[in-house]
Amino acid sequence: MKSIKSITIYYFSGTGNSRNVALWLSEIATENASKVNLINIAEIDRKNIEKPEADSLLIFISPVHGFNYPPIMLNFIAHFPKGNNNIVLMNTRAGMLIGKYITPGVNGIAFYLSSILLLIKGYSIQALFPVNLPSNWISIHPGLNKKTITFIHEKEKVRVRNFGKKIIMGKKNFFTLLEFYDLLLMPISILYYLIGRFILAKTFYASSLCNNCNLCIQSCPVKAIIAVNERPFWTFKCESCMKCMSNCPRKAIETGHGTIAIFAILFSLFVLTPFYQFMEMNFYKPENEFLKLIIESILFLLFFSVWYRLMHYALKIKYLERIIVYTSLTKYAFWGKRYKA
């Protein structure tokens with residue numbers, strides 16, 4: 001069987017996991033005399049996308065955010081021109097280590113939704129392949145140590161290279177579909193896309209260590225960080241790719257765990273409680289539960305946005321800034337190991 005002569009790899013990467021997978025595939029393709037076109041979708045026009053060569057194998061690589069591809073990759077696929085090329089979908093999902101065993105992350109609906117979009121456009125799916133690289137989401141869990149990161153990378157690089165050799169020869173791979181539990185996460189994935197990602201976008205802030213180098217603003221893949229009151233300010237466009245936090249040279253970017261907890265208490269007491277009482281007295285019916293959830297979410301985002309702006313200005317006050325910083329878990333060495341692939 002002859003190997004594929006042309007491969008186009010489209011990737012999105014925050015801290016470097018997906019970029020590394022793209023590079024590993026590029027290496028194995030070059031070794032097998034295939035021409036490779038490597039494209040970082042954060043650096044191109046994602047609405048007016050150039051149509052790929054008709055005989056090129058197309059590979060899409062992206063991390064999993066909230067059990068789905070992040071909006072930047074989903075929107076890219078949605079705007080992708082029609083064609084009939086073979087497609088390989090890959091993701092980098094949160095791998096952890098237990099002893100010498102790499103625990104797999106979760107795909108969620110990333111492969112399902114993207115496959116449907118591409119099939120509608122006329123493409124054929126050749127393979128689906130997840131890569132279990134170290135989780136970088138230190139806003140949610142402690143960072144991994146260097147030894148663990150190195151071990152996972154070495155093992156997964158071998159998997160990716162072996163997979164690459166097979167797909168270059170035209171072989172198919174759909175073993176990941178055996179992880180049928182992915183579909184059970186669809187409600188969480190939808191809620192993350194509609195609500196969760198906007199909440200997480202408002203959890204980042206820059207401490208007094210920030211010297212306004214603007215590296216986070218300049219390097220943000222989705223241009224989600226702006227300067228407000230001479231300080232980095234995270235907008236709702238943020239996709240929590242963690243690039244800013246991982247690459248800040250002064251480790252000035254933190255997650256506001258303490259401020260989130262305080263807000264949740266205040267919001268529950270002074271907004272949700274009166275809201276529930278109002279709903280019970282005037283509109284409660286079992287069929288209104290979904291409507292209630294939607295209204296709760298809108299209220300939460302509205303008030304949390306105001307809270308975030310207040311916190312942003314409070315960071316200018318030395319004592320308040322110290323309180324905010326020291327109630328952030330990412331401040332502490334046991335938790336906040338910045339991740340770089």
Side-chain angles (χ1 to χ4, degrees), residues 9-29 36 38-42 59-74 88-111 114 127-167 173 175-179 181-182 185 189 192 200 219 221 239-247 330 335-341:
I9 302 174
Y10 302 97
Y11 73 92
F12 166 67
S13 190
T15 55
N17 280 339
S18 294
R19 182 196 65 229
N20 276 358
V21 173
L23 292 173
W24 296 339
L25 285 173
S26 178
E27 289 172 4
I28 197 67
V36 181
L38 206 59
I39 300 174
N40 180 356
I41 68 168
I59 303 177
F60 295 82
I61 308 171
S62 170
V64 170
H65 289 180
F67 308 122
N68 200 355
Y69 277 151
I72 183 173
M73 180 56 83
L74 286 175
V88 174
L89 291 175
M90 302 180 69
N91 68 47
T92 52
R93 58 188 190 175
M96 306 293 277
L97 192 64
I98 299 178
K100 295 295 182 180
Y101 177 70
I102 299 174
T103 60
V106 181
N107 301 318
I109 64 172
F111 287 148
S114 300
L128 308 171
F129 192 77
V131 186
N132 302 304
L133 288 179
S135 174
N136 64 3
W137 216 355
I138 64 170
S139 291
I140 306 298
H141 62 71
L144 305 180
N145 62 54
K146 187 175 180 180
K147 183 178 179 181
T148 297
I149 291 169
T150 301
F151 179 86
I152 294 175
H153 270 268
E154 289 174 350
K155 294 294 184 181
E156 289 299 288
K157 182 177 182 179
V158 173
R159 280 187 69 236
V160 170
R161 285 181 61 85
N162 290 336
F163 170 74
K165 292 175 184 177
K166 293 176 182 178
I167 62 166
N173 188 317
F175 288 113
T176 191
L177 293 180
L178 295 175
E179 299 174 6
Y181 52 81
D182 281 331
L185 297 168
S189 177
Y192 177 83
L200 286 169
S219 63
E239 297 195 9
S240 299
C241 75
M242 308 303 292
K243 184 171 186 176
C244 56
M245 183 178 284
S246 297
N247 289 330
T330 51
W335 184 285
K337 296 180 179 67
R338 268 54 173 173
Y339 175 76
K340 290 184 180 180

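Just so it is clear, the model here is predicted, and its values are computed rather than measured.
Considering every non-hydrogen atom in both Ala29 and Val36, the closest pair reads CB-CG2, 3.4 Å. Listed here is the closest heavy atom pair of Met242 and Asn136: CG-O, 3.6 Å. Between Leu144 and Pro134, the shortest heavy-atom distance links the atoms CD1-CB, 3.7 Å.
Using a distance-only test at 3.5 Å, with no hydrogens or angles considered, no donor-acceptor pair links the side chain of Trp335 to the main chain of Gly143. For Thr330 (side chain) and Ser139 (main-chain N/O), no donor-acceptor pair under 3.5 Å exists by modelled atom type. Judged by distance alone, the side chain of Asn173 and the main-chain N or O of Phe175 form a donor-acceptor pair under 3.5 Å.
Annotation: side-chain hydrogen bond (donor to acceptor under 3.5 Å, both in side chains) contacts of Tyr339 (sequence neighbours excluded): Asn17, His153.
Side-chain contact annotation: Ser240 with His65, donor-acceptor N/O pair under 3.5 Å absent. Using modelled atom types and a 3.5 Å distance limit, the side chains of Ser18 and Thr92 yield a donor-acceptor pair.
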Practice task
Starting from the C-alpha separation in whole Å, work towards a yes-or-no answer on side chain to side chain contact (heavy atoms under 4.5 Å, CB included) for Ile167 and Ile59.
Solution key: CA-CA 10 Å; Ile167 62 166; Ile59 303 177; 3.9 Å; yes

Tell me which donor-acceptor pairs under 3.5 Å the side chains of residues 96-108 have, and how far apart each pair is, sequence neighbours excluded?
{"unit_1": "Thr103", "atom_1": "OG1", "unit_2": "Met96", "atom_2": "N", "d": "3.3"}
{"unit_1": "Thr103", "atom_1": "OG1", "unit_2": "Met96", "atom_2": "O", "d": "3.3"}
{"unit_1": "Asn107", "atom_1": "OD1", "unit_2": "Asn91", "atom_2": "ND2", "d": "3.0"}
{"unit_1": "Asn107", "atom_1": "OD1", "unit_2": "Arg93", "atom_2": "NH1", "d": "3.2"}
{"unit_1": "Asn107", "atom_1": "ND2", "unit_2": "Thr176", "atom_2": "OG1", "d": "2.8"}
{"unit_1": "Asn107", "atom_1": "ND2", "unit_2": "Glu179", "atom_2": "OE1", "d": "3.4"}
{"unit_1": "Asn107", "atom_1": "ND2", "unit_2": "Asp182", "atom_2": "OD2", "d": "3.3"}

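Pairs of residues two or more places apart, or lying in two chains, that qualify as salt bridge (charged side-chain N to carboxylate O under 4.0 Å, His left out) and include a residue from residues 144-157 are Glu156-Arg159.
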